[in-house]
Amino acid sequence: MALIFSCSDSSQGKFKNTDSTGTTKLDTNLKFLKEPPVTKWDPSWSTDNVLVYHWKSAPSGLHPTNDLSLSSTRVIMEYTQRFMIGPDMENLVVRPDLCKTLPSPSADLLTWTYELRDEPMWDDGTQLSVDDVIFTLKAWECPLTNNEYAKSSIDNLKDVKQDPSNPRKFILTMKGPYVQNEDFMLDIPMMEKKIMDPGNVLAKYSLDQFYNPAFVNEKHVDLDSWAKEFNDQKYGRQLDLINGLGAYKVTAWDDMQGIVLSRKTNHWTSKLVKPDMYNVSYPEKIIFKVNLDDAAIGQELLQQTIDASSWVSTLGLAELQKDSSFNKNYYSAFVQNFDYEFLGMNEKPEAVNRPPFFTDIRVRKAIALVTPVEELNKNYFIGKGFRMTSMVSPIKRDVFDKTLPLIQYNLDSAKKLLDEAGWKDTDGDNIRDKMIDGKKVQFVCECLIATGPVYQQIANDIAAAMYPAGIKVTARAQELPVLQQTVTAHQFDLYLGAWQSTFLPEDYKQIWHTSSYSNGGSNFCGFGNAASDALIDSIRVTLDASKRIPMEKRLQKIIYDDQPYVFMFSTLRKVVVHRRFDHGDIYFEKPGLYLSNLRAMAPGKLSEMTTIN
């Protein structure tokens, strides 16, 4: 698949085979961009060992279970927490993190044995234990824990227990085969039991009890008390209570300004003899600096007050790359990724007492026909967005269904479908209407968007494109945490959204299964039926890729035909990192940089840094 990169110094010589438009095609064997260290120091460069990372918005909290639904939370936790396994950013595979090796499976792939590393220590000097792991998993699975967004993705765990032959080993028993059994613990930060459960309450309960539907209706005074305390947002906001195995601690937090992470003294990773890139913490501080103004972000980069970003706008980076001083000071690239943007439609409005605009498939198809995707791509992303036809990234070439045709803007076809669905302009006001339950309803719908000028402009352009079809769209902006709550409650007509994905095999249950509609999952639009659920369930347990991939293509076709989303495009990630840092490599996996591995250099030490590499 063709990817587009910048023409800055960092990418010259790495790629070839440009087409007539100047689009650069990626070497299919390339998995990340390796940036060579600079050999000449510029006197304008700072020598401070502080990394300022530009950020779009602060998370609502950093609670280790309850706040992980937002990608911004996961980015922070990469440095404040540690996980049993993690992504290998360079090779796009899974790597061991807190365990010595990747888990070893049984012959039937239903039990997975992990062995903990000996080095990881909590901040109080206590060694990470199997008891901590068991507590962590029970806390995630407890029905009273406020992490409904994750329940469907962790529900395959049947039991966890210590290996009787080795106190540093534990065994996960899974309920059945699952495409992500090996990767099960990828996004679960470990928690210290004696801090988060000083009364040892969860030890009195089993996972079997938690999985019993009747359990939540029973009275459990001690568990209720534990859950009330555990779910308290202070564990995600109060700085002295944010605890983790990571090398950094949150030392300042201002929702408008950002978050400051400070490197811990005498952290256990500092004692490792030959640490890899995931066990170093070069910057003394990592400052996550919030800035939503594209013009201001550009000025900060030109003034070198920001060291790195994965959030520059497409137009902003394109303009910056025309500036020779920017190219002298920064590596930068447009990077393809696994994410996509979409316009979601509420298929079950009656459940939340909203007008039934999008219950008819003909209306949803009409909406797709009058969403100006190509125009939006050109106007806001200078064409650097790859058109999507399904929820699978084209990077996953084997899984991506190439047979699904792109939906092009077609006003006449949209009008015809709306007429057929009974939406007509009966009073001559240029807005379609329809009699529903004896009441005339005008097609005036609301589109939720995230706060920000670009989102507002995109919503305005969508509204302008739909108005000739007799549909009036008004935009309502909300901060990301609020928007997350609103769509989870299904209180919307339309909403502009985006999903992040990874190189891993996909579990479609969280977003597309009907069980994820009413249980706080991410099926915000209400897509699905028994047939699609059965297909999703089969995909989850089919480990043989040659059998699973045809199922995934069938699911793509079902979703394409139902049209709960207008699939728009996968916008290229915009990554910038200052050349004063060694290891300024750029990755395809989110968020595009690994911040703790960025090592500040200094004049007179460039050759030393190169030798260390």
Side-chain angles (χ1 to χ4, degrees), residues 59-70 73-74 77 81 83-84 129-162 170 172-175 184-238 241-244 481-482 484-490 507 509-510 513-524:
S60 57
L62 292 171
H63 194 289
T65 62
N66 301 356
D67 288 328
L68 266 174
S69 60
L70 293 177
T73 304
R74 182 61 173 83
M77 287 191 178
Q81 305 286 343
F83 303 78
M84 200 56 55
S129 68
V130 169
D131 279 347
D132 293 324
V133 177
I134 293 173
F135 161 74
T136 296
L137 290 174
K138 283 187 175 182
W140 274 80
E141 298 283 6
C142 178
L144 301 183
T145 300
N146 293 339
N147 63 335
E148 290 82 2
Y149 71 92
K151 295 299 188 188
S152 66
S153 62
I154 60 175
D155 65 1
N156 197 46
L157 179 63
K158 181 179 181 179
D159 196 14
V160 53
K161 63 182 180 182
Q162 184 174 332
F170 64 94
L172 299 187
T173 301
M174 314 309 288
K175 295 176 183 176
F184 179 79
M185 301 193 73
L186 186 70
D187 286 317
I188 299 177
M190 292 297 103
M191 294 183 285
E192 189 173 8
K193 175 183 175 181
K194 70 177 181 181
I195 289 181
M196 304 303 286
D197 188 11
N200 205 26
V201 173
L202 291 195
K204 305 172 186 176
Y205 296 90
S206 68
L207 291 183
D208 278 344
Q209 288 176 285
F210 288 165
Y211 296 146
N212 186 341
F215 182 81
V216 294
N217 298 320
E218 300 170 356
K219 191 67 174 177
H220 306 281
V221 176
D222 57 346
L223 188 64
D224 291 343
S225 177
W226 170 84
K228 181 179 180 180
E229 173 67 15
F230 179 81
N231 287 324
D232 194 313
Q233 193 56 33
K234 66 184 180 184
Y235 292 107
R237 292 289 303 197
Q238 192 170 316
L241 294 180
I242 299 176
N243 181 49
V482 179
Q484 173 85 12
Q485 295 170 3
T486 305
V487 295
T488 300
H490 315 292
D507 178 1
K509 186 172 183 177
Q510 180 182 347
H513 201 280
T514 58
S515 65
S516 296
Y517 173 79
S518 57
N519 68 354
S522 301
N523 186 357
F524 306 135

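Everything numeric here is computed off the predicted structure, so don't read it as measured data. We number each residue from 1, following the sequence as shown.
For the residue pair Gln238 / Asp232, no side-chain donor-acceptor distance below 3.5 Å is found, with atom types taken as modelled. A donor-acceptor pair shorter than 3.5 Å cannot be found between the side chains of Gln510 and Ser516. For the residue pair Tyr205 and Asp222, a side-chain donor N or O sits within less than 3.5 Å of a side-chain acceptor on the partner. Side chains of Lys509 and Asn523: no donor on one and acceptor on the other come within 3.5 Å.
Atom CH2 in Trp226 sits 13.5 Å away from atom NE2 in His220 (nearest 0.5 Å). Rounded to the nearest 0.5 Å, atoms CG (Asn200) and CG (Asp197) are 6.0 Å apart. With rounding to the nearest 0.5 angstrom, the CG atom of Leu207 is 7.5 Å from the CG atom of Leu137. How far OG of Ser60 is from CD of Gln233: 6.0 Å, rounded to the nearest 0.5 Å. For the atom pair Phe215 CZ and Gln209 CD, the distance stands at 5.5 Å (nearest 0.5 Å). Here the OH atom belonging to Tyr235 is positioned 15.5 Å from the CG atom belonging to Leu62, to the nearest 0.5 angstrom.
Between Asn147 and Trp140, the shortest heavy-atom contact is ND2-O, 3.0 Å. A pairwise comparison of heavy atoms in Pro59 and Thr73 identifies CB-OG1, 3.3 Å as the closest pair. Between Gly236 and Ile242, the shortest heavy-atom distance links the atoms O-CD1, 3.9 Å. Taking both residues in full, the closest heavy atoms of Phe184 and Leu172 are given as CD2-CD1, 3.9 Å, listed atom of the first, atom of the second, then distance. The nearest pair of heavy atoms linking Asp67 to Gly61 is OD2-C, 2.9 Å. Pairing each heavy atom of Met77 with each of Leu68, the nearest pair is SD-CD2, 3.6 Å.
Using a distance-only test at 3.5 Å, with no hydrogens or angles considered, no donor-acceptor pair links the side chain of Ser225 to the main chain of Val221. Distance alone, capped at 3.5 Å, places no donor-acceptor pair between the Lys193 side chain and the Asp131 backbone. Side-chain atoms of Thr136 come within 3.5 Å of backbone atoms of Met191 as a donor-acceptor pair (strictly under, hydrogens ignored). In this structure, the side chain of Lys175 engages the main chain of Asp155 through a donor-acceptor pair within 3.5 Å. No donor-acceptor distance shorter than 3.5 angstrom exists from the side chain of Tyr211 to the backbone of Glu141, with no hydrogens or angles considered. Not a single donor-acceptor pair under 3.5 Å links the side chain of Asn156 to the backbone N or O of Met174. Of the possible polar contacts, none joining the Asp132 side chain to the Glu192 backbone as a donor-acceptor pair under 3.5 Å is found. At least one donor-acceptor pair under 3.5 Å links the side chain of Asn231 to the backbone N or O of Ala227. Counting only distance, with no hydrogens or angles, the side chain of Asp159 and the backbone of Thr173 share no donor-acceptor pair below 3.5 Å. Judged by distance alone, with hydrogens and angles left aside, the side-chain atoms of Arg74 form no donor-acceptor pair with the main-chain N or O of Asp187 at under 3.5 Å.
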- Task: Would you check, one step at a time, whether the test side-chain contact (heavy atoms from CB on, under 4.5 Å) holds for Met84 with Leu186?
- Result: CA-CA 7 Å; Met84 200 56 55; Leu186 186 70; over 6 Å; no
- Can you check side-chain contact (heavy atoms from CB on, under 4.5 Å) on Ser522 and Thr488, steps first, answer last? CA-CA 7 Å; Ser522 301; Thr488 300; over 6 Å; no
- Can Thr145 and Lys151 be said to form a side-chain contact (heavy atoms from CB on, under 4.5 Å), step by step? CA-CA 10 Å; Thr145 300; Lys151 295 299 188 188; 4.3 Å; yes
- For Asn243 and Gln81, run side chain to side chain donor-acceptor pair (under 3.5 Å): C-alpha distance rounded to whole Å, both residues' side-chain angles, the deciding distance at 0.1 Å, then the answer. CA-CA 8 Å; Asn243 181 49; Gln81 305 286 343; over 6 Å; no
- Full working for side-chain contact (heavy atoms from CB on, under 4.5 Å) between Leu223 and Leu202: CA-CA 7 Å; Leu223 188 64; Leu202 291 195; 3.4 Å; yes
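Using bins of under 30°, 30° to 60° and over 60° for the plane-to-plane angle, the ring pair His63/Phe230 lands in the perpendicular bin.
Judged as a ring-ring contact (aromatic ring centres under 6.0 Å, His included), and not counting sequence neighbours, Phe135 has no contacts.
Put simply, the side chain of Met185 does not reach to within 4.5 Å of the side chain of Phe83, judged on heavy atoms. In this structure the side chain of Gln484 never reaches within 4.5 angstrom of the side chain of Val482, judged on heavy atoms.
The residues Glu229 and Lys234 are annotated as salt-bridged, a charged nitrogen and a carboxylate oxygen being separated by less than 4.0 angstrom. Ion pairing of Asp208 with Lys158 is absent here, as no side-chain N (NZ or NE/NH1/NH2) approaches a carboxylate O to less than 4.0 Å.
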